[in-house]
Engineer: 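Encoded as structure tokens, here's the structure I'll be asking about.
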Amino acid sequence: MVQIHFLIPYFFKKYKELKNLHGFFYIALFNSENGKCLIDFKDLTFSKTVYDFDYNKILSDQGISYDDMDDNEEVLNFKIELEDLGHSFVFTFVKVEKYYLMVVTDSVYSKLIPLLEKSIIEFAQEIDFKEEPHEGNLIEDEDLGDKIISIAIENFSRNFSEYLFPDFLIPERKNDFIKQGEEQESKQDLNEFLKSKGISENIFEKIDGTWSIEEFSEEMNIDLNEIHEEFFNMWVNNLIYFRFRYHDWDIFEQTENAKIYLEDGTTENLLLINKYNSAKIIKILQIIDSGTSFKKLNDQDSITKIKLERYITELVYRKIIQKRKVLPTIKHISEDLIPLLTLQGFNKKDFKLLEELEENFRDEKDLCEVALKIQIDPKKIRDIFKKVETAISVMN
């Protein structure tokens with residue numbers, strides 16, 4: 001296997017937004033004979049917020065095309081890192097006889113190349129099977145296009161979901177925020193759309209912002225792989241996004257957008273009040289002000305936790321408030337602390353995780369950013385830190 005590695009400086013107008021990206025940005029499947037894009041999935045950040053980057057244009061601007069792969073039979077994959085001011089995009093390509101797969105990620109993942117190779121080989125086999133003559137007739141081009149989409153969604157979900165959205169994330173329905181009301185006509189349109197995309201109406205209807213992906217699997221007694229496939233399908237069709245669970249330590253603060261929503265009688269102010277038939281969401285926005293913890297908000301007697309989470313999710317989604325970053329610091333753990341941590345229940349996995357956390361929090365990094373990167377629930381990371389802090393206080 002030959003690998004070619006390029007390091008190319010590249011500047012983006014949206015640099016500030018890049019710091020919030022994570023994981024896969026783009027997946028595209030091409031016909032290796034003519035370079036035609038058969039299917040692509042854009043903006044694969046976990047929250048599915050739209051970022052307007054043309055990754056194929058980035059390549060063409062650098063003089064890189066599908067011919068580079070078609071002309072070199074020995075190249076099975078190569079990576080291109082595009083660096084702006086401190087951030088990198090990593091392009092990875094894997095080719096089989098008829099197809100090649102291009103994936104753009106935020107960094108190099110050690111397990112990615114074998115997964116890509118497995119994915120493209122499986123895809124080629126599945127497509128070849130679908131293209132075989134049945135009763136003397138080939139599948140029509142339109143039907144084959146639908147089959148390509150269906151197979152790609154199933155394939156990518158099966159192979160890449162662990163990088164796209166960890167099981168501790170909570171899915172949220174986008175139509176809960178975009179659509180005002182549940183009119184019969186809009187519900188029929190939505191059900192028709194779900195049916196056309198092969199999405200389970202039952203699972204979609206049960207998304208209410210309270211269950212994590214893992215909890216969905218447990219509560220509905222559905223295999224986790226099947227749940228991932230369903231959510232991936234909804235996600236790439238822009239029906240859902242994902243958020244972290246809210247914890248007592250989370251601090252929320254108003255953004256500049258809050259002002260117009262706080263003014264009595266404005267269109268924005270009335271939109272929130274009318275949607276929930278209550279001014280409580282405005283009251284919560286007022287309490288949040290320049291910074292308030294989830295615990296303090298949850299202690300309000302006049303609102304339930306479920307309703308509070310709904311309000312916060314609405315305000316975050318509309319960028320009226322934002323969650324303040326948590327920037328933990330961790331020093332190298334001395335051998336003297338090992339017995340104390342063991343007494344607190346640390347096992348081999350915990351010590352291995354602690355080493356990983358020490359590496360990832362060496363620079364100032366947000367807790368959620370690291371949680372996504374290493375696929376560990378933020379609460380587990382916080383618990384690890386608390387045990388370390390306790391052990392250090394005992395030593396002192």
Side-chain angles (χ1 to χ4, degrees), residues 19-24 45-47 105-111 161-172 209-218 224 228 241-253 291-298 305 309 312-313 316 322-395:
K19 291 179 177 289
N20 297 321
L21 299 180
H22 173 79
F24 283 35
T45 59
F46 88 93
S47 59
T105 57
D106 63 346
S107 59
V108 177
Y109 293 98
S110 60
K111 297 179 181 179
S161 59
E162 67 175 292
Y163 294 102
L164 298 171
F165 37 81
D167 295 338
F168 57 77
L169 291 177
I170 296 177
E172 289 276 5
T210 60
W211 290 350
S212 68
I213 297 170
E214 187 174 23
E215 288 168 341
F216 255 98
S217 176
E218 295 171 354
L224 193 55
H228 269 284
Y241 72 103
F242 296 97
R243 69 168 175 85
F244 286 91
R245 190 180 297 280
Y246 301 129
H247 297 285
D248 285 349
W249 70 74
D250 287 326
I251 304 292
F252 296 94
E253 55 194 9
T292 305
S293 71
F294 180 79
K295 184 180 186 311
K296 183 176 179 180
L297 294 170
N298 195 30
K305 184 178 180 181
E309 290 184 343
I312 289 177
T313 300
V316 170
Q322 61 188 6
K323 187 167 69 172
R324 189 177 294 172
K325 289 187 176 183
V326 178
L327 305 173
T329 57
I330 182 170
K331 297 180 180 178
H332 179 68
I333 304 302
S334 67
E335 292 187 5
D336 295 339
L337 286 177
I338 293 177
L340 289 173
L341 291 172
T342 303
L343 287 174
Q344 291 189 65
F346 261 56
N347 54 36
K348 288 183 179 180
K349 288 184 178 179
D350 292 328
F351 281 113
K352 185 175 181 180
L353 172 58
L354 192 56
E355 289 180 10
E356 195 170 6
L357 294 176
E358 185 181 338
E359 174 67 25
N360 278 280
F361 285 106
R362 187 164 294 169
D363 301 319
E364 277 197 355
K365 289 184 181 177
D366 178 48
L367 174 64
C368 290
E369 179 187 343
V370 172
L372 283 173
K373 180 180 179 182
I374 66 176
Q375 310 287 304
I376 299 293
D377 192 324
K379 186 179 184 305
K380 182 173 179 62
I381 296 176
R382 287 270 300 195
D383 290 343
I384 291 285
F385 282 159
K386 282 186 177 180
K387 289 179 180 179
V388 172
E389 290 171 0
T390 300
I392 291 174
S393 65
V394 171
M395 285 290 294

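Predicted model, so just to flag it, every value in this text is computed and none were measured.
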Engineer: Distance check, rounded to the nearest 0.5 Å: K386 atom NZ versus E389 atom CD?
Structural biologist: 8.5 Å
Engineer: My understanding is that only one of L357, L341, D383 makes a side-chain contact (heavy atoms from CB on, under 4.5 Å) with V388; could you say which?
Structural biologist: L341
Engineer: Look at D350 together with K380 and state whether they make a salt bridge at an N to O cut-off of under 4.0 Å.
Structural biologist: yes
Engineer: Please state whether the rings of H228 and F165 are parallel, tilted or perpendicular, taking 30° and 60° as the class boundaries.
Structural biologist: parallel
Engineer: Can you name the side chain to side chain donor-acceptor pair (under 3.5 Å) partners of N298, sequence neighbours left out?
Structural biologist: none
Engineer: First locate atom OG1 of T210, then atom CD of E309, and finally report the distance between them rounded to the nearest 0.5 Å.
Structural biologist: 8.0 Å
Engineer: Would a distance-only check, ignoring hydrogens and angles, find a side-chain to backbone donor-acceptor pair under 3.5 Å from D366 to V326?
Structural biologist: yes
Engineer: Can you measure from CD (E364) to CD (E369) and round to the nearest 0.5 angstrom?
Structural biologist: 11.5 Å
Engineer: Please say whether more than 12 non-hydrogen atoms of neighbouring residues, nucleotides or ligands are located less than 6.0 Å from NZ in K323.
Structural biologist: yes
Engineer: Run the side-chain contact (heavy atoms from CB on, under 4.5 Å) test against I170 and tell me which residues pass, sequence neighbours left out.
Structural biologist: S212, R243, R245
Engineer: Quick one: pull up OG1 in T313 and CD in E172 and give me the separation to the nearest 0.5 Å.
Structural biologist: 4.5 Å
Engineer: State the CZ-CD distance between F252 and Q322, to the nearest 0.5 angstrom.
Structural biologist: 10.5 Å
Engineer: Which distance, rounded to the nearest 0.5 Å, do you find between the NZ of K379 and the CH2 of W249?
Structural biologist: 7.0 Å
